[in-house]
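Note sheet for the following structure.
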Amino acid sequence: MPTNCAAAGCATTYNKHINISFHRFPLDPKRRKEWVRLVRRKNFVPGKHTFLCSKHFEASCFDLTGQTRRLKMDAVPTIFDFCTHIKSMKLKSRNLLKKNNSCTPNGPPNLKSNISSQQVLLEHSYAFRNPMEAKKRIIKLEKEIASLRRKMKTCLQKERRATRRWIKATCLVKNLEANNILLKGTSEHILPTALNSLPLEDFKILEQDQQGKTLPIL
């Protein structure tokens, strides 16, 4: 049983005591599409319980030969009061806007601007409040970079000293083996494979290179 009319702005509801009939949207896709177009409701998709009341049809659209009022097969709704509906929508929008404005606390313009600026700062927390704050941040970052450079230089110095020790130790062991002071194959047990596989002459060259090298300035 229908309850209300689907036309925009139509407040007609079903009442058995009032001589107004309700009519479903046609099942035929073409006629159904035409009805939807004439109703002019955005994103409107009628369902099986969607009705239009008889106010939106001309008298010639009805078949009155039977006991009930029926629509003819080619009947389409053509009577709509779109202007009233648009005015009603505008009035509702204005009332809602007034209500929102009345709920907004009144205050000095300066206070409102301060609140607005604070909101911007909160939304963009990566931004600086003033140039002095930016300068302090830059100075702090420069100090951090300098500290990291010093640490890097210290690590390179430690690595250089460790490399020299390994080269000296390897040269010593290989010299002792070459002079038959240590047994042959001793270096294989006490030196890493990468160092043990190199001949003694290469280690002497490496030792000279290490002595002549200087650390790069960071």
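Both backbone and side-chain heavy atoms feed into the values below; hydrogens, waters and symmetry mates do not. Bear in mind the structure is a predicted one, so any value in this text is a computation, not a measurement.
The backbone N or O of Ser60 sits less than 3.5 Å from a side-chain atom of Lys72, completing a donor-acceptor pair. Counting only distance, with no hydrogens or angles, the side chain of Arg40 and the backbone of Phe80 share no donor-acceptor pair below 3.5 Å. Using modelled atom types, no side-chain atom of Ser147 and backbone atom of Glu144 make a donor-acceptor pair closer than 3.5 Å.
Between Asn19 and Arg69, some side-chain heavy-atom pair lies under the 4.5 Å cut-off. Contact annotation: the side chain of Lys55 never approaches that of Ile79 to less than 4.5 Å [non-hydrogen atoms, C-beta and beyond].
Annotation for Leu183: atom CG does not count as buried by contact number, only 12 or fewer foreign heavy atoms lying within 6.0 Å. Residue-environment remark: CD1 (Ile139) exceeds the threshold of 12 foreign heavy atoms within 6.0 Å.
Each of Thr13, Thr12, Ile18, Asn4 was scored for a side chain to side chain contact (heavy atoms under 4.5 Å, CB included) with Cys53, with one residue passing: Thr12.
The aromatic rings of Phe57 and Trp35 are tilted relative to each other, their planes meeting at an angle between 30° and 60°.
We find the CG-OG1 distance between Leu38 and Thr78 to be 8.0 Å, quoted to the nearest 0.5 Å. Atom CG of residue Leu52 and atom OG of residue Ser21 lie 10.5 Å apart, to the nearest 0.5 angstrom.
In this structure, Glu34 pairs ionically with Arg37, as a charged nitrogen and a carboxylate oxygen lie closer than 4.0 Å. A salt bridge is defined here as a Lys NZ or Arg NE, NH1 or NH2 lying under 4.0 Å from an Asp or Glu carboxylate O, and Asp63 with Arg70 meets this definition.
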As a quick check of understanding, evaluate side chain to side chain contact (heavy atoms under 4.5 Å, CB included) for Arg149 and Lys153, giving each step before the final call. CA-CA 6 Å; Arg149 284 180 173 174; Lys153 185 176 180 179; over 6 Å; no

